Amino acid sequence: MALPEGVQLVVFDMAGTTVDDLVNGEPLVIAAFRASFQEHDGTEISFDQANSVRGYEKKKALRLLLDSLRSEKAEDSEVDKLFKIFEQQLDKLMESMNSEIKGTSETFAELRKRGVKICVGSGFPEHVVQKIVASLGWSVDGAFSSVTLGEGRPNPIMILEAMKKCGVTDPKRVVKVGDTKVDIDEGRNAGVHCVSVLTGTQSREELEAKKPDCIIDSVADLCK
């Protein structure tokens, strides 16, 4: 079942889970990855290559992509340069992104009615996270950026910070909801209940391979 009994906190991923991140038919982060490499050195990154690192903290994702294209490990200076380009592309592309995944606000409202705390977390930079929350008018108990916290998924730091902020100590009373394999790894590393949604770009088969506790079509089905 999606929500175990006695749940006190639900931590939601953002892009692809609660945020409709399509920009011209392509997920925001994938479009930004591809545009960044194109500007950096003209490299054409395929959709599948970009999708394979979706869910990771963005600087780590860029490093993974760089390493996959080279015979040697990427230098920190090149990763930093590429990340700055990525942030610029992200800001440019997200101007047209202002929609939530259908049913998100209704699910938040139902959780509130049940006395459940709500947090959101992302690998996006802090200003992007806060801008999205503000533009969608969400009222949440916490909004976290793994960039600010210094560790990205699958490290469970965002879940642990959400628990700390909300005063929840028992991981069995916490649910992580996300659309990627890395979200499941993050939840497992925190020892919480893991729910996968199919509104992202990773298939049911890919998600099933990571054995989440539950797979639902979207966040709209979380409280059903």
Side-chain angles (χ1 to χ4, degrees), residues 1-31 47-48 50-56 94 96-124 129 132-133 135-141 143-144 153-154 156 158-159 162 172-190 192-224:
M1 71 194 205
L3 290 179
E5 290 186 15
V7 61
Q8 296 176 330
L9 167 66
V10 181
V11 182
F12 293 89
D13 172 52
M14 296 181 74
T17 300
T18 52
V19 178
D20 182 350
D21 65 334
L22 290 183
V23 178
N24 298 321
E26 190 168 68
L28 170 69
V29 69
I30 290 178
F47 181 97
D48 287 343
N51 191 39
S52 70
V53 297
R54 190 171 184 185
Y56 285 100
M94 75 170 290
S96 61
M97 192 181 70
N98 57 7
S99 300
E100 67 178 28
I101 296 290
K102 186 177 180 181
T104 297
S105 288
E106 290 82 357
T107 294
F108 284 4
E110 178 59 29
L111 289 171
R112 286 262 184 245
K113 192 187 302 182
R114 299 182 188 186
V116 178
K117 300 286 188 181
I118 301 163
C119 289
V120 295
S122 174
F124 287 149
V129 170
I132 292 172
V133 170
S135 67
L136 294 178
W138 288 344
S139 174
V140 295
D141 298 289
F144 302 94
R153 291 172 292 200
M158 288 191 287
I159 296 175
K172 293 183 175 60
R173 294 180 178 272
V174 180
V175 176
K176 169 63 201 269
V177 183
D179 65 302
T180 69
K181 296 180 290 183
V182 183
D183 286 303
I184 301 168
D185 289 337
E186 175 194 20
R188 289 283 176 247
N189 289 337
V192 305
H193 187 84
C194 299
V195 176
S196 294
V197 294
L198 299 174
T199 45
T201 53
Q202 296 183 359
S203 69
R204 176 183 286 273
E205 290 71 27
E206 289 175 297
L207 296 172
E208 281 179 342
K210 285 288 185 176
K211 302 187 185 307
D213 294 293
C214 184
I215 298 179
I216 55 178
D217 288 336
S218 77
V219 289
D221 300 315
L222 186 66
C223 296
K224 293 180 177 178

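Both backbone and side-chain heavy atoms feed into the values below; hydrogens, waters and symmetry mates do not. Computed from a predicted model, the values in this text were never measured in an experiment.
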S.K.: Give the intermediate values and the outcome of side-chain contact (heavy atoms from CB on, under 4.5 Å) for residues T17 and V219.
M.R.: CA-CA 7 Å; T17 300; V219 289; 4.0 Å; yes

S.K.: What residue among K210, K176, R153 forms salt bridge (charged side-chain N to carboxylate O under 4.0 Å, His left out) with D185?
M.R.: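 Running salt bridge (charged side-chain N to carboxylate O under 4.0 Å, His left out) over K210, K176, R153 with D185 returns exactly one hit, K210.
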
S.K.: Could you give me the CA-CA distance, side-chain angles and deciding distance for W138 and T104, then say whether side-chain contact (heavy atoms from CB on, under 4.5 Å) is met?
M.R.: CA-CA 10 Å; W138 288 344; T104 297; 3.8 Å; yes

S.K.: Got R114 and L3 here, is their nearest side-chain heavy-atom distance under 4.5 Å?
M.R.: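 When only atoms from C-beta onward are counted, L3 and R114 do touch, with a gap below 4.5 Å.
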
S.K.: For the OG1 atom of T180 and the CG atom of D13, what is their distance to the nearest 0.5 Å?
M.R.: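 It comes to 6.0 Å.
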
S.K.: Would you say N189's side chain and P154's backbone share a donor-acceptor pair under 3.5 angstrom?
M.R.: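 Pair found, side chain donor or acceptor close to backbone of P154.
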
S.K.: Do D21 and R54 sit within salt-bridge range, that is, some charged N less than 4.0 Å from a carboxylate O?
M.R.: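 Between R54 and D21 there is a salt bridge, with a charged N closer than 4.0 Å to a carboxylate O.
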
S.K.: Considering all heavy atoms of both residues, which atom of V192 and which atom of V174 are nearest to each other, and what is their separation?
M.R.: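 Closest heavy-atom pair between V192 and V174: CB-O, 3.4 Å.
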
S.K.: Between Q202 and K181 (side chain of the first, backbone of the second, donor and acceptor by atom type, cut-off under 3.5 Å), is there such a pair?
M.R.: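 Present.
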
S.K.: Restricting to non-hydrogen atoms, name the atom on C223 and the atom on L111 that form the minimum distance, rounded to 0.1 Å.
M.R.: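 Reported closest heavy-atom pair: SG-CD2, 3.8 Å.
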
S.K.: With rounding to the nearest 0.5 angstrom, report the CD to NZ distance, Q8 to K117.
M.R.: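 Those atoms lie 10.0 Å apart.
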
S.K.: Return the CG to CD1 distance between D217 and I101, rounded to the nearest 0.5 Å.
M.R.: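 These two atoms lie 12.0 Å from each other.
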
S.K.: Report the C-alpha distance between V10 and L222 in whole Å, list the side-chain angles of each, state the deciding distance to 0.1 Å, and finish with yes or no for side-chain contact (heavy atoms from CB on, under 4.5 Å).
M.R.: CA-CA 10 Å; V10 181; L222 186 66; 4.3 Å; yes

S.K.: Looking only at heavy atoms, which two atoms of F108 and I118 are closest? And how far apart?
M.R.: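 Looking at all heavy atoms of both residues, the shortest contact is O-CD1, 3.3 Å.
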
S.K.: Do T199 and D179 have side-chain N/O donor and acceptor atoms under 3.5 Å apart?
M.R.: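 Their side chains do not contain a donor-acceptor pair, so the 3.5 Å distance test is not met.
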
S.K.: To the nearest 0.5 Å, how far apart are CZ in R188 and SG in C194?
M.R.: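 Rounded to the nearest 0.5 Å, the CZ-SG separation comes out at 4.0 Å.
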
S.K.: If I compare all heavy atoms of V175 with all of P4, which pair ends up nearest, and what's the gap?
M.R.: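 Nearest heavy atoms, V175 then P4: CG2-CD, 3.6 Å.
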
S.K.: Measure the shortest side-chain to side-chain distance between V129 and F144 over non-hydrogen atoms and say whether it is less than 4.5 angstrom.
M.R.: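 Not touching, per the 4.5 Å side-chain cut-off.
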
S.K.: In Å and rounded to the nearest 0.5 Å, what is the OG1 to CD1 distance from T18 to I132?
M.R.: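 T18 atom OG1 to I132 atom CD1 measures 8.5 Å (nearest 0.5 Å).
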
S.K.: So, do F124 and L28 sit near enough that their side-chain heavy atoms are less than 4.5 Å apart?
M.R.: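 Yes. Closest side-chain heavy atoms under 4.5 Å.
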
S.K.: Please report the interatomic distance NE2(H193) to CG(L9), rounded to the nearest 0.5 Å.
M.R.: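 Going from the NE2 atom of H193 to the CG atom of L9 covers 13.0 Å.
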
S.K.: Closest approach of I184 and S196, non-hydrogen atoms and distance?
M.R.: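 Between these two residues, the closest heavy atoms are CD1-OG, 3.2 Å.
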
S.K.: Do you know which two heavy atoms are closest between C119 and D141, and how far apart they sit?
M.R.: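 What the structure gives for the nearest pair is SG-C, 4.1 Å.
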
S.K.: Any donor-acceptor pair under 3.5 Å linking the side chain of E100 with the backbone of L136?
M.R.: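 Between the backbone of L136 and the side chain of E100 there is no qualifying donor-acceptor contact (under 3.5 Å).
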
S.K.: Under a 3.5 Å distance rule, please check whether R204 uses its side chain to pair with a backbone N or O of I215 as donor and acceptor.
M.R.: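 No; zero donor-acceptor contacts below 3.5 Å.
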
